[in-house]
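Here is the structure we will look at, set down as structure tokens.
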Amino acid sequence: MALARIVIIGGGAGGLELATRLGNKLGRKGKAAVTLVDRNATHIWKPLLHEVATGTLDVDIDQVTYRAHAAAHGFDFQLGSMTGLDREQRQVILAPLYDENGEEILSERRLSYDYLVLAIGSVSNHFGTPGVVENCIFLDSPAQAKRFHRRLLEAYLKLNSPGHPKDNLNIAIVGAGATGVELAAELHHAAAELNLYGFSDMKRDRLKISVIEAGPRILPALPERIAAAAHKELVKLGVNVRVATKVTAADEHGLQLGDEHLDSELMVWAAGIKAPDFLKDLAGLENNRINQLLVLPTLQTTRDSQIYVIGDCAGCPLPDNKWVPPRAQSAHQMAELVAKNLIAAVSGKPQQQYHYRDHGSLISLSRFGTVGSLMGNLVGGAMMIEGRIARMAYISLYRMHQVALHGWWRTLMISVIGRINKIIRPRLKLH
């Protein structure tokens with residue numbers, strides 16, 4: 001009897017955790033052939049991209065190499081980008097792969113599957129605002145985070161040179177969700193650290209950060225008292241927080257806010273998300289307005305039971321006419337359920353239904369503080385936490401992701417090595 005072929009597209013938080021679980025449970029035991037496909041060769045936990053952007057996290061140390069991880073956990077890895085889907089033949093179409101000189105390395109490929117999992121994640125939604133694509137940076141991939149980091153270092157060098165005509169570095173962040181708020185705080189932390197490495201003129205008060213939010217308050221997805229606490233901390237740092245302010249256009253010199261022009265050397269767009277555009281009407285599957293693929297309670301697509309969707313690209317309705325939020329905890333929970341359902345499907349057993357569990361939300365303001373709600377609906381309401389307890393809870397979220405990938409023992413060793421690196425390595429990535 002031929003092995004069941006399980007193909008997972010996307011190696012983000014949900015996709016890589018799912019591939020690891022299935023590789024350990026099925027691949028190693030010869031019960032299924034598990035393949036993970038991603039356009040990148042390495043994985044970094046997406047909630048950490050703002051730290052990669054500022055240089056407070058060295059991606060070269062913290063990233064996971066897909067191919068090595070696959071070899072250690074019983075699944076196969078394919079480097080590539082999905083461009084199409086043939087549901088009739090049950091094949092995923094991967095784009096040709098080219099080197100930096102434009103020479104083709106791999107031609108277009110087709111991967112056959114018995115079960116397909118789409119875990120492609122999300123991209124920034126610029127809502128068609130003029131000039132945004134050309135002039136703003138989107139922190140939705142490691143490549144974009146590295147691009148911001150490179151431009152940030154260049155801006156620091158200019159500002160620290162005697163002949164620089166400007167007194168301040170102006171950075172505008174559009175969107176006051178978790179990414180925008182955490183990035184603003186992390187930038188202040190990075191500016192303070194730069195004084196240790198020869199940037200003596202780069203004082204924190206020369207860093208002028210504006211956070212622009214179209215809604216009435218920051219962190220609209222979180223309880224109001226948590227948002228208020230984060231707002232207060234940002235103002236204490238000197239961040240210019242502007243709510244109920246819409247960006248109407250962007251150009252190379254800054255943002256247009258109606259009749260006002262906000263001068264900015266660096267602009268980050270973090271105002272919303274959508275599933276990648278190619279998912280819209282993909283092979284006749286059903287979408288919502290932000291391109292997410294609609295799923296049944298079992299996380300199978302509404303029009304094809306052989307295809308599952310998890311993470312940010314899954315349109316999973318909740319009983320209160322809302323959607324499962326695009327958070328790391330959602331992707332983790334979905335990966336856990338789909339692993340069980342695929343193991344059941346291979347064994348001919350029934351599928352289980354997904355029930356979203358809100359464990360609360362945490363916002364890190366770098367070393368300046370952490371605020372959030374813990375446990376969420378498990379205690380019948382949000383319990384607000386802050387300070388050291390909140391910081392420990394925030395760090396534990398990443399540790400739990402590492403445990404899902406590496407197990408408890410290796411995660412403990414990674415944690416110890418991380419503490420040692422903080423002592424012997426620079427506090428900031430300077431290249």
Side-chain angles (χ1 to χ4, degrees), residues 2-23 26-28 30 32-46 49 52 59-60 63-123 138 140-147 275-285 291 293 304 306-313 335 342 405:
L3 289 179
R5 298 162 299 181
I6 302 172
V7 175
I8 304 163
I9 308 295
L16 185 55
E17 287 186 19
L18 176 61
T20 304
R21 289 174 185 270
L22 293 176
L26 300 177
R28 280 177 166 175
V34 182
T35 302
L36 174 67
V37 178
D38 197 276
R39 66 179 62 192
N40 300 301
T42 58
H43 162 85
I44 188 75
W45 199 48
K46 194 172 182 178
L49 286 181
V52 176
V59 69
D60 296 327
Q63 65 191 1
V64 176
T65 303
Y66 286 123
R67 196 169 294 280
H69 190 78
H73 292 276
F75 65 92
D76 182 41
F77 172 70
Q78 293 279 336
L79 185 65
S81 299
M82 177 180 173
T83 57
L85 174 63
D86 186 337
R87 285 171 54 200
E88 187 174 331
Q89 298 295 322
R90 288 189 185 173
Q91 292 181 331
V92 175
I93 304 167
L94 302 182
L97 193 64
Y98 300 92
D99 65 15
E100 59 184 13
N101 298 317
E103 184 177 342
E104 186 175 275
I105 301 173
L106 292 172
S107 59
E108 182 179 275
R109 291 159 287 161
R110 286 178 170 252
L111 292 182
S112 298
Y113 67 86
D114 296 302
Y115 302 98
L116 175 65
V117 183
L118 298 176
I120 299 171
S122 60
V123 295
F138 306 97
D140 50 24
S141 70
Q144 289 286 334
K146 290 178 182 178
R147 179 186 168 207
D277 288 336
F278 86 91
L279 289 181
K280 189 175 183 180
D281 302 320
L282 176 69
L285 298 176
N291 303 335
L293 295 173
D304 194 326
Q306 305 302 115
I307 301 175
Y308 297 77
V309 189
I310 65 173
D312 290 3
C313 65
L342 283 170
L405 299 182

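No hydrogens, no waters, no symmetry mates; every other heavy atom, side chains included, goes into these values. Here, residue 1 is the first one in the sequence, and each next residue gets the next number. Being a predicted model, the structure only gives us computed values, none of them experimental.
Across all their heavy atoms, L36 and G11 have their closest contact at CD1-CA, 4.0 Å. Summarising the geometry of G15 relative to I310, their closest heavy-atom pair is N-CD1, 4.0 Å, with the distance given to 0.1 Å. Residues R109 and L79 come closest through the heavy atom pair NH2-O, 2.8 Å. Heavy atoms only, all atoms of each residue included: G121 and D312 are closest at C-CB, 3.7 Å. Residues Y115 and L342 approach most closely at CB-CD2, 3.6 Å, considering heavy atoms. For H69 against L405, the heavy-atom pair with the smallest separation is CE1-O, 3.2 Å.
When each of L116, L18, L118 is paired with I8, the side-chain contact (heavy atoms from CB on, under 4.5 Å) condition holds for L18 and for no other. For the side-chain contact (heavy atoms from CB on, under 4.5 Å) test with C313, the passing option among L293, V123, L279, I9 is L279; the others fail.
Counting only distance, with no hydrogens or angles, the side chain of R87 and the backbone of A283 share a donor-acceptor pair below 3.5 Å. A distance-only check finds no donor-acceptor pair linking the side chain of D281 to the backbone of G284 [under 3.5 Å]. The main-chain N or O of T35 is never found under 3.5 Å from a side-chain atom of D76 such that the two would form a donor-acceptor pair. Side-chain atoms of N40 do not come within 3.5 Å of backbone N or O of T42 as any donor-acceptor pair. Between the side chain of N101 and the main chain of E103, no donor-acceptor pair closer than 3.5 Å is present.
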Using the side-chain contact (heavy atoms from CB on, under 4.5 Å) rule, take L97 and E104 through it: C-alpha gap first, then chi angles, then the decisive distance, then the call.
-> CA-CA 6 Å; L97 193 64; E104 186 175 275; over 6 Å; no
Can you check side-chain contact (heavy atoms from CB on, under 4.5 Å) on L16 and F75, steps first, answer last?
-> CA-CA 11 Å; L16 185 55; F75 65 92; 4.2 Å; yes
Step-by-step side-chain contact (heavy atoms from CB on, under 4.5 Å) determination, H73 to R21 | CA-CA 8 Å; H73 292 276; R21 289 174 185 270; over 6 Å; no
Trace of the side-chain contact (heavy atoms from CB on, under 4.5 Å) decision for D38 with F77 | CA-CA 8 Å; D38 197 276; F77 172 70; 3.9 Å; yes
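Note that CD1 of I6 and CG of D114 are 8.5 Å apart. Values are rounded to the nearest 0.5 Å. With rounding to the nearest 0.5 Å, the separation of NZ in K46 from CG in D140 is 5.5 Å. Here the OH-CG distance, from Y113 to L85, works out to 4.5 Å after rounding to the nearest 0.5 Å.
Within 6.0 Å of CZ on R39 lie no more than 12 heavy atoms contributed by other residues, nucleotides or ligands.
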